[in-house]
Amino acid sequence: MSKTAIVTGGSRGIGKEICLRLAKDGFNIVTCCTGDASKADATINACKEFGVDAMAVAADVSNAEDVQKIFDAAKEKFGSVEVLVNNAGITKDNLMLRMTEDDFMKVLDVNLKSAFLTCKVATKDMMRAKYGRIINISSVVGLMGNAGQANYSASKAGLIGFTKSLAKEFGAKGITVNAVAPGFIETEMTDALPEDVKANYMTQIPRKRLGADIAAAVSFLASDDADYITGQVLSVDGGMRM
Ligand code: NAD
């Protein structure tokens, strides 16, 4: 029987790549995005090309009712959820003195509280099934910090502590919980950065190129081969942080 993966924020960027890769691996895919679910149509159609089923739900991952809606839809269509990838994320960059409380809290809500909400729902059924794979998409910035991203780096560092705590709570229940920490990956999120900022990043990356390899790392951590790996942070950053 096919397994099912929920990947949050799959309408574009890294989330879309993860959906496609897990579909190629044979998982049915449930994704979500804010606003109109049709924004994820391209992802859903591309997943189905791999012979699996896929669906999108319009949901804000920082809202508990919306999160429940994603899981209800997934369970109604596919029966169970074996893999959860917390990928949806936002930035609201500013230097500390200019950062508003609202921008700080909004980023924490979407990037960190969301994982609390999804994992709270996911782990109940995963515990019963004695099987689960949870993968949280953190960031190199959560490991290194970054000027102008106090909110974002706090959220991504928080995800790492959250990941390790859940790994300890659920290890004996057959659930692994890991984080992937992407470096500088080419998506709409990084397209928005000024050229001088991008050039400066490049000087810090030993592999001397932008990354595009997050989905492969997620695929491995979602696989049965990764059964003895939990509580880890897998950096996929071209050596930016070592
Ligand atoms: P992106 O902005 O291209 O896509 C983000 C996705 O999340 C979209 O599908 C969007 O609809 C969804 N989303 C945003 N807010 C949401 C909400 N409240 N509820 C539901 N869905 C929501 O971003 P990306 O560059 O693909 O990044 C994906 C993840 O990888 C993020 O967590 C990001 O922090 C992380 N990351 C990205 C990079 C990079 O270089 N792009 C580096 C490190 C970490």
Arg133 bridged to Asp227 by N-O distance under 4.0 Å
yes
Is Arg128 salt-bridged to Asp125, going by a charged N under 4.0 Å from an acidic O?
yes
Does [atom1] in [X] sit with more than 12 non-hydrogen atoms of other residues, nucleotides or ligands closer than 6.0 Å?
X      : atom1 : answer
Tyr131 : OH    : yes
Lys75  : NZ    : no
Met96  : CE    : no

Nearest heavy-atom pair of [X] and [Y]: which atoms, and what distance?
X      : Y      : answer
Leu159 : Ala115 : CD2-CB, 3.6 Å
Lys39  : Cys33  : CB-SG, 4.1 Å
Gly231 : Asn178 : N-OD1, 3.2 Å

Rounded to the nearest 0.5 Å, what's the gap from [atom1] on [X] to [atom2] on [Y]? Could you check?
X      : Y      : atom1 : atom2 : value
Ile175 : Leu166 : CD1   : CG    : 8.5 Å
Lys24  : Cys19  : NZ    : SG    : 15.0 Å
Asp66  : Ser114 : CG    : OG    : 12.0 Å
Arg21  : Glu17  : CZ    : CD    : 11.0 Å
Gln149 : Met99  : CD    : CE    : 8.0 Å
Leu22  : Glu82  : CG    : CD    : 12.0 Å

Grouping I, L, V, M, F, W and Y whenever their side-chain heavy atoms are under 4.5 Å apart, do [X] and [Y] come out in a common cluster?
X      : Y      : value
Val140 : Val236 : no
Val67  : Val85  : no
Ile14  : Leu221 : yes
Met240 : Leu210 : yes
Phe170 : Ile160 : no

With sequence neighbours left out, the residues meeting ring pair (Phe, Tyr, Trp, His ring centres under 6.0 Å) with Phe184 are Tyr201
Here the salt bridge (Lys or Arg N to Asp or Glu O under 4.0 Å) pairs for residues 198-214, sequence neighbours left out, are Glu195-Lys198, Arg209-Asp213
By side chain to side chain contact (heavy atoms under 4.5 Å, CB included), Ala122 pairs with (sequence neighbours left out) Phe71, Leu84, Met126
Pairs flagged by side-chain hydrogen bond (donor to acceptor under 3.5 Å, both in side chains) wherever [range] is involved - sequence neighbours left out:
range            : result
residues 160-173 : Asn136-Thr163
residues 231-242 : none
residues 27-38   : Asp36-Ser38

Close side-chain approach of Thr187 to Arg12, heavy-atom, < 4.5 Å: no
>> Using side chain to side chain contact (heavy atoms under 4.5 Å, CB included), reason through Val52 and Phe27 one step at a time and then give a plain yes or no.
In response: CA-CA 7 Å; Val52 298; Phe27 288 93; 5.9 Å; no
Walk me through it: do Asn86 and Cys119 pass the test side chain to side chain contact (heavy atoms under 4.5 Å, CB included)?
CA-CA 9 Å; Asn86 284 307; Cys119 287; 3.8 Å; yes
